[in-house]
Amino acid sequence: MSRPTPEPVQVIKQRRDGALAALVGSVPYIRFMGITFDRRGDELTAILPFREMLIGNPLLPALHGGATAAFLETAAIIELCWSLIWPELESGRLDAAALEKGALPKLPRTVDFTVDYLRSGLPRDAYARARINRSGRRYASVHVEAWQDNRARLFAQGTGHFIMPPVEGAGAGDG
Amino acid sequence: MTPEKMTAIARQFIAALPHSRELGMELVGIGEGRAEISMPYDPRLVGDPATGVIHGGAVSALMDTCCGAAVMCHPDGNGNTATIDLRIDYMRAAVPGQTIRARAHCYHVTRNVAFLRADALDDDDDHPVATATGAFVFERRKGAGA
């Protein structure tokens, strides 16, 4: 009645965080915006630390609507990528070390993205979580919520459609 | 306030937006509820390192700024605005290395809302990179016809 010894938690965390860091670090625009991701198990929270260059209206001051849109879209794309990587990583089919060396999967392409501006973005850190409402072989629909001080008081939400990258090893012609 | 003065204010205002400035945006033309703004190619804005294509978020910021500028210079408006809703459709990837230009116009304004359409173009004028539709806060200036 012996089971294999579970992997030490630190090893698991290192593998998951390493994969996430490799994914996020590969996109120049995410670095430009200063967006980071907090991970709890497979749940991601995107964080946009406040910086002066994110301001749109200096009189209020308020975050630029475009910066807000970019933040939501980034949260949606990384969530989609993460949903593709996670099962591969957990099953051991995807090697975290290879991922860190740049063997990253192709990114989904945005078809459309709609942002609903609920209140003006304050000059503070912002957070976002994306929920994949549908993810098929070709298309995905993702909803994103963003807040600042209070989780229940969203300052923006967004919905977008994406074309998923072709799955490697999938039969050609029906992709 | 005269439309000319408001246009001058809009030009200054856009130059003073920190995020737009950081993205290298420049006003190409503005007036009568229309605006054109350019954004040069910048490797910092790449969204897909495999292709070098600019991130959709940067295109969104350009569209949002351009729509806002078009509302601000509408002859019946008082120069104030904010985005209520903005939808972007991505037609194709912008060609890496090319400047992206956005053109926006208010196709309808009511007492409180301006409705906008915008295109984003690279060097190929006939095939937009992206199109946008939006609703923006609109405030009539005193004395403007209802």
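Naming: A, B, ... by sequence-line order, numbering from 1 per chain.
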same_hphob_cluster([X], [Y]) at 4.5 Å side-chain heavy-atom cutoff:
{"X": "A/L44", "Y": "A/I132", "value": "yes"}
{"X": "B/M63", "Y": "B/V137", "value": "no"}
{"X": "A/Y127", "Y": "A/L63", "value": "no"}
{"X": "B/V129", "Y": "B/L121", "value": "no"}
{"X": "A/I78", "Y": "B/V53", "value": "no"}

Shortest non-hydrogen separation from [X] to [Y] and the atoms involved:
{"X": "A/P28", "Y": "B/P43", "result": "CB-O, 3.6 Å"}
{"X": "B/S20", "Y": "A/H64", "result": "OG-NE2, 3.2 Å"}
{"X": "A/E73", "Y": "B/S60", "result": "OE1-OG, 3.9 Å"}
{"X": "A/S26", "Y": "B/P49", "result": "O-CG, 3.0 Å"}
{"X": "B/G57", "Y": "A/A70", "result": "CA-CB, 3.5 Å"}
{"X": "B/D64", "Y": "A/G65", "result": "OD2-CA, 3.5 Å"}

Which atoms of [X] come close to chain B, meaning under 4.5 Å heavy atom to heavy atom: side chain ones, backbone ones, both, or neither?
{"X": "A/I77", "answer": "side chain"}
{"X": "A/L59", "answer": "side chain"}
{"X": "A/V111", "answer": "backbone"}

Using modelled atom types only, decide if a donor and an acceptor are shared between the side chain of B/H19 and the backbone of A/I55 within a distance under 3.5 Å.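 It does not hold such a pair.
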
Neighbour count above 12 (heavy atom, 6.0 Å) for [X] [atom1]:
{"X": "A/R151", "atom1": "CZ", "value": "yes"}
{"X": "A/R109", "atom1": "CZ", "value": "no"}
{"X": "B/Y107", "atom1": "OH", "value": "yes"}
{"X": "A/R153", "atom1": "CZ", "value": "no"}
{"X": "A/Q14", "atom1": "CD", "value": "no"}
{"X": "B/E26", "atom1": "CD", "value": "no"}

Ranked by heavy-atom pairs below 4.5 Å to chain A, first place among B/P18, B/A135, B/A61, B/A130 goes to B/P18

Among B/L23, B/V46, B/I54, B/D42, which residue has the highest count of heavy-atom pairs closer than 4.5 Å to chain A? B/V46

Separation of [Y] [atom2] from [X] [atom1] (nearest 0.5 Å):
{"X": "A/K106", "Y": "B/D48", "atom1": "NZ", "atom2": "CG", "value": "9.5 Å"}
{"X": "B/D89", "Y": "A/T110", "atom1": "CG", "atom2": "OG1", "value": "11.0 Å"}
{"X": "B/L86", "Y": "A/Y117", "atom1": "CG", "atom2": "OH", "value": "5.5 Å"}

What verdict does the side-chain contact (heavy atoms from CB on, under 4.5 Å) test give for A/F113 and B/V59, after you've listed the backbone C-alpha separation in whole Å, the side-chain angles of each residue and the deciding distance to 0.1 Å? CA-CA 11 Å; A/F113 202 78; B/V59 177; over 6 Å; no

Going by the side-chain contact (heavy atoms from CB on, under 4.5 Å) test, name the single residue among B/T133, B/I88, B/D85 that passes it with A/T114.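 Only match with A/T114 under side-chain contact (heavy atoms from CB on, under 4.5 Å): B/D85.
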
Show your reasoning for whether side-chain contact (heavy atoms from CB on, under 4.5 Å) applies to B/H55 and A/T74. CA-CA 9 Å; B/H55 195 279; A/T74 299; 3.5 Å; yes

Leading residue by heavy atom contact count with chain B [cutoff under 4.5 Å; candidates A/A67, A/A62, A/A69]: A/A67

Chain B: which of A/V115, A/L118, A/V27, A/L54 shares the most heavy-atom pairs with it under 4.5 Å? A/V115

Atom group of B/I84 that falls short of 4.5 Å from chain A, counting heavy atoms: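 For B/I84, the contact with chain A is made by the backbone alone.
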
Residue part contacting chain A, namely of B/A58, when any heavy atom lies under 4.5 Å: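 Its backbone and side chain both get close to chain A.
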
